[in-house]
Each structure stands twice: as C-alpha cells, then as structure tokens.
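We use all heavy atoms of the structure for the numbers below, so side chains are in, but hydrogens, waters and symmetry mates are not. Just so you know, these numbers come straight off a predicted model, no measurement behind them. Below, chain A is the first sequence line, B the second, and so on; all start at residue 1.
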Amino acid sequence: MSPGARPLRRAFFARPSTEVAPQLLNKVLVCGRRAVRIVEVEAYEGERDPASHAYRGPTARNATMFGPPARLYVYFTYGMHWCANVVCGETGEATAVLLRAGAPLRGVGAMRADRPGARRDRDLCSGPAKLCQALGIDRARDGANLLSGDRGVRLLDDGTPPPRRPGRSARVGLRVAIDRPWRWYVDGDPNVSADPRPLPTADMT
DNA sequence: ACCGGGATGTTCT
DNA sequence: GAACATCCCGGTG
C-alpha cells in the first residue's frame with residue numbers, strides 16, 4: 001500500500017449499493033495492522049431486494065444496515081462464520097455491499113495464524129467468511145465507521161483505480177433473487193472466490 | 001478437478 | 001423448526 005492512501009468521502013457511499021460496489025474494487029480495507037485490496041463484492045439493495053437481510057424491515061441483527069453510510073455491517077451465519085458489508089445509501093435505505101474477497105497486502109503472518117487451514121496465501125481471503133477470519137473481523141466491529149478508522153477499521157483509496165471492465169456475474173449462494181447480476185470482481189485475480197458463475201449468455205442460438 | 005455432505009448456532013416463522 | 005449472503009474435508013475420476 002502506498003503512503004499516500006487517503007480515506008474515501010461520505011458521498012462515495014451515499015449511493016445505491018449497485019453503484020458503489022464496482023467502485024469498491026481495488027480499494028484498501030485496513031483492520032488493525034492487517035490490510036487487503038478488495039477484489040470481489042456483491043450488492044444488496046435493501047427492502048426491495050428479497051436476498052437482502054433488510055428485505056423484511058429493521059430487526060436487531062440488521063440495525064447497522066439501516067443506519068448511516070460508510071459503516072461496517074457484520075453478521076454471523078451458518079453457526080460459525082462472520083461476513084462484512086459496507087453500508088451505502090442514506091440513513092434508512094439499508095443498501096449494502098458484501099465484501100467477498102481480498103488480496104492480502106499487510107499482516108499476512110497474522111492472517112496465516114488466524115487461518116491455519118489455508119494452504120496457500122490465495123486461500124486466506126478468497127471468500128466472505130475467510131476474509132473476516134483473516135482480518136479478525138467479528139461482531140465487535142459491527143457498526144464501525146470506515147471514514148474515521150473507528151475500532152481500527154478503515155477504507156482507503158491508495159490510487160489504484162477500479163478495473164475499467166470488471167468481471168460481473170449473478171450473486172453467490174442465494175436461493176432467492178438469483179437472477180440479479182450484482183457481483184463484481186477483479187477479473188483474473190487469484191484471490192477471487194472460486195465459484196465464477198458467469199452470467200448466462202444472451203446467445204441462445 | 002469436481003462433487004456431496006456435515007458442521008454449528010443465531011434469527012425469524 | 002427451518003433457513004442460512006459459508007467453509008472444509010473426504011470421496012471419486
């Protein structure tokens with residue numbers, strides 16, 4: 001990460017998650033002494049998206065999603081995994097971007113220690129729950145402000161632009177709203193989670 | 001390489 | 001009681 005890395009502005013996040021998500025590619029997520037470059041994301045569009053945790057309105061779990069933008073929304077799933085989102089839109093809109101994979105940049109030794117099963121470094125952050133485990137993210141960081149570095153978590157722009165033509169596909173692991181093409185990734189990056197699920201091509205011959 | 005199943009507990013019906 | 005924005009391991013080819 002270059003020394004000129006700077007925090008993003010609030011306005012960057014105060015838009016629908018489908019606009020923010022591809023722009024989040026190649027940004028840097030810092031957590032304590034560890035950092036990754038974001039290489040895979042998915043958008044979840046609040047109360048109008050059947051796959052979103054916000055679909056059925058506010059609950060205790062999704063409270064952070066309904067709050068102000070530029071916060072980290074962390075949730076627990078499958079009885080053992082944490083996953084992290086970036087809250088977008090204005091307060092009350094509950095639109096968010098799931099962080100699905102990252103390229104390790106800093107603190108790789110600590111990541112390996114927290115992910116003893118990872119054989120290669122490309123297995124450290126190649127999935128939403130792996131990413132959280134590698135960075136040490138759990139409930140304690142839910143709601144953290146990504147602009148101020150609250151609780152050691154921060155989102156930075158180190159000058160690397162998002163890909164001009166990112167990979168795009170349907171979202172992964174859903175049973176509902178599986179048609180929406182709201183997953184973006186850095187094409188060819190080895191840290192992208194394996195399941196590529198390319199969009200069905202329009203060509204039916 | 002690819003596929004199938006089990007782990008594990010919170011959240012909501 | 002079911003579903004779950006997942007991961008890992010052990011089978012087979």
**Q** In this structure, how many angstroms lie between the P atom of C/dC7 and the CG atom of A/Leu131, rounded?
**A**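 Taking atom P of C/dC7 as the reference, CG of A/Leu131 is at 10 Å.
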**Q** Send over the distance from A/Lys130 NZ to C/dC7 P, rounded to a whole Å.
**A**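 Whole-Å distance recorded here is 6 Å.
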**Q** Can you pull every protein N or O that's under 3.5 Å from an N or O on nucleotides 10-13 of chain C?
**A**
none

**Q** Taking for each residue the nucleotide of DNA chain C with the nearest heavy atom, is it A/Pro128 or A/Val176 whose nucleotide lies nearer the 5' end?
**A**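 The answer here is A/Val176.
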**Q** Nearest whole angstrom, please: distance from the P of C/dC8 to the CZ of A/Arg119.
**A**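 Distance, rounded to whole Å: 13 Å.
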**Q** For a quick test of reading the model: is some side-chain N or O of A/Arg115 closer than 4.0 Å to OP1 or OP2 of C/dC7?
**A**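 For C/dC7, OP1/OP2 do not have a side-chain N/O of A/Arg115 under 4.0 Å.
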**Q** In this structure, how many angstroms lie between the P atom of C/dC8 and the CG atom of A/Asp114, rounded?
**A**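 About 13 Å, once rounded to whole Å.
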**Q** Starting at atom OH of A/Tyr75, determine the distance to atom C1' of C/dA3, rounded to an integer number of angstrom.
**A**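 Atom-to-atom, A/Tyr75 to C/dA3, this comes out as 13 Å.
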**Q** Shortest non-hydrogen contact from A/Arg9 to A/Leu147?
**A**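 Nearest heavy atoms, A/Arg9 then A/Leu147: C-CD2, 4.3 Å.
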**Q** Starting from C1' on C/dA2, measure out to CZ on A/Arg175 and report it in whole angstrom.
**A**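 Distance check: A/Arg175 CZ to C/dA2 C1' gives 10 Å.
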**Q** Can you list everything that forms a side chain to side chain contact (heavy atoms under 4.5 Å, CB included) with A/Pro68? Sequence neighbours excluded, please.
**A**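 Counting only residues at least two positions away or on another chain, A/Pro68 forms a side chain to side chain contact (heavy atoms under 4.5 Å, CB included) with A/Arg71, A/Thr91.
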**Q** Any base atoms under 4.0 Å from A/Gly117, or only sugar-phosphate, or nothing? Heavy atoms, all strands.
**A**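 A/Gly117: no heavy atom of the nucleic acid under 4.0 Å.
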**Q** For A/Ala51, report the nucleic acid contact type (base, sugar-phosphate, nothing); a contact means any heavy atom under 4.0 Å.
**A**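 Here A/Ala51 touches the bases of the nucleic acid.
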**Q** Could you run through nucleotides 8-13 of chain B and give me one letter per nucleotide, 5' to 3': B if any protein heavy atom sits under 4.0 Å from the base, S if only the sugar-phosphate is that close, - if neither?
**A** BBSSSS
**Q** Whole Å only: how far is the CG atom of A/Leu98 from the C1' atom of C/dT6?
**A**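 These atoms are roughly 11 Å apart.
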**Q** A/Glu42 CD to C/dA5 C1': how many Å, rounded?
**A**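 Between C1' of C/dA5 and CD of A/Glu42: 6 Å.
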**Q** Taking only residues two or more places apart in sequence or in another chain, which ones pass side chain to side chain contact (heavy atoms under 4.5 Å, CB included) with A/Glu93?
**A**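 Scan of A/Glu93 (side chain to side chain contact (heavy atoms under 4.5 Å, CB included), adjacent residues dropped) gives A/Glu90, A/Thr95.
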**Q** Applying ring pair (Phe, Tyr, Trp, His ring centres under 6.0 Å) as the test, list every pair that has at least one member in residues 74-111 of chain A; sequence neighbours left out.
**A**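 Applying ring pair (Phe, Tyr, Trp, His ring centres under 6.0 Å) to every pair that reaches into residues 74-111 of chain A, excluding sequence neighbours, yields A/His53-A/Tyr75, A/Tyr73-A/Tyr75, A/Phe76-A/Trp82.
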**Q** Is there a donor in the side chain of A/Glu45 and an acceptor in the side chain of A/Ser17, or the other way round, less than 3.5 Å apart?
**A**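 There is such a pair between these side chains.
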**Q** Determine which pairs satisfy side chain to side chain donor-acceptor pair (under 3.5 Å) with at least one residue from residues 140-151 of chain A, sequence neighbours left out, and list them in order.
**A**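 Sorted result for residues 140-151 of chain A: A/Thr64-A/Asp142.
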**Q** Side-chain N or O of A/Arg100 less than 4.0 angstrom from OP1 or OP2 on C/dA5?
**A**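 The answer is no; no side-chain N or O of A/Arg100 sits under 4.0 Å from OP1 or OP2.
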**Q** Please list all pairs passing the ring pair (Phe, Tyr, Trp, His ring centres under 6.0 Å) test where one or both residues lie in residues 5-46 of chain A, with sequence neighbours left out.
**A**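 For residues 5-46 of chain A: none.
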**Q** Ring of A/Tyr44 versus six-membered ring of C/dA5: centres under 5.5 Å and planes under 30°?
**A**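 According to the criterion (under 5.5 Å, under 30°), yes, A/Tyr44 stacks.
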**Q** A/Thr160: which residues meet the side chain to side chain donor-acceptor pair (under 3.5 Å) condition with it, sequence neighbours left out?
**A**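 Listed in chain order: A/Arg37, A/Asp158.
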**Q** Tell me the salt bridge (Lys or Arg N to Asp or Glu O under 4.0 Å) pairs involving residues 94-104 of chain A, sequence neighbours left out?
**A**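 Listed by first then second residue: A/Glu40-A/Arg100, A/Glu42-A/Arg100.
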**Q** Taking side chain to side chain contact (heavy atoms under 4.5 Å, CB included) as the definition, give me every residue that meets it alongside A/Ala118, ordered by chain and number, with sequence neighbours left out.
**A**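 Checked A/Ala118 against side chain to side chain contact (heavy atoms under 4.5 Å, CB included); matches are A/Arg115, A/Asp123, A/Leu124.
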**Q** My validator wants the stems of DNA chain C: runs of 3 or more consecutive Watson-Crick or G-U pairs, both distances under 3.5 Å, written as range with range.
**A**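 Listed by first number, the stems are B:1-7 with C:6-12, B:9-12 with C:1-4.
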**Q** Taking A/Leu146 as the fixed residue, which of A/Leu156, A/Val87, A/Leu8, A/Leu29 is the one that meets the side chain to side chain contact (heavy atoms under 4.5 Å, CB included) rule?
**A**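 Of the listed residues A/Leu156, A/Val87, A/Leu8, A/Leu29, the side chain to side chain contact (heavy atoms under 4.5 Å, CB included) partner of A/Leu146 is A/Leu29.
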**Q** Taking only residues two or more places apart in sequence, or in another chain, which ones meet A/Pro162 in a side chain to side chain contact (heavy atoms under 4.5 Å, CB included)?
**A**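 A/Pro162 satisfies side chain to side chain contact (heavy atoms under 4.5 Å, CB included) with A/Gln23, A/Lys27 only.
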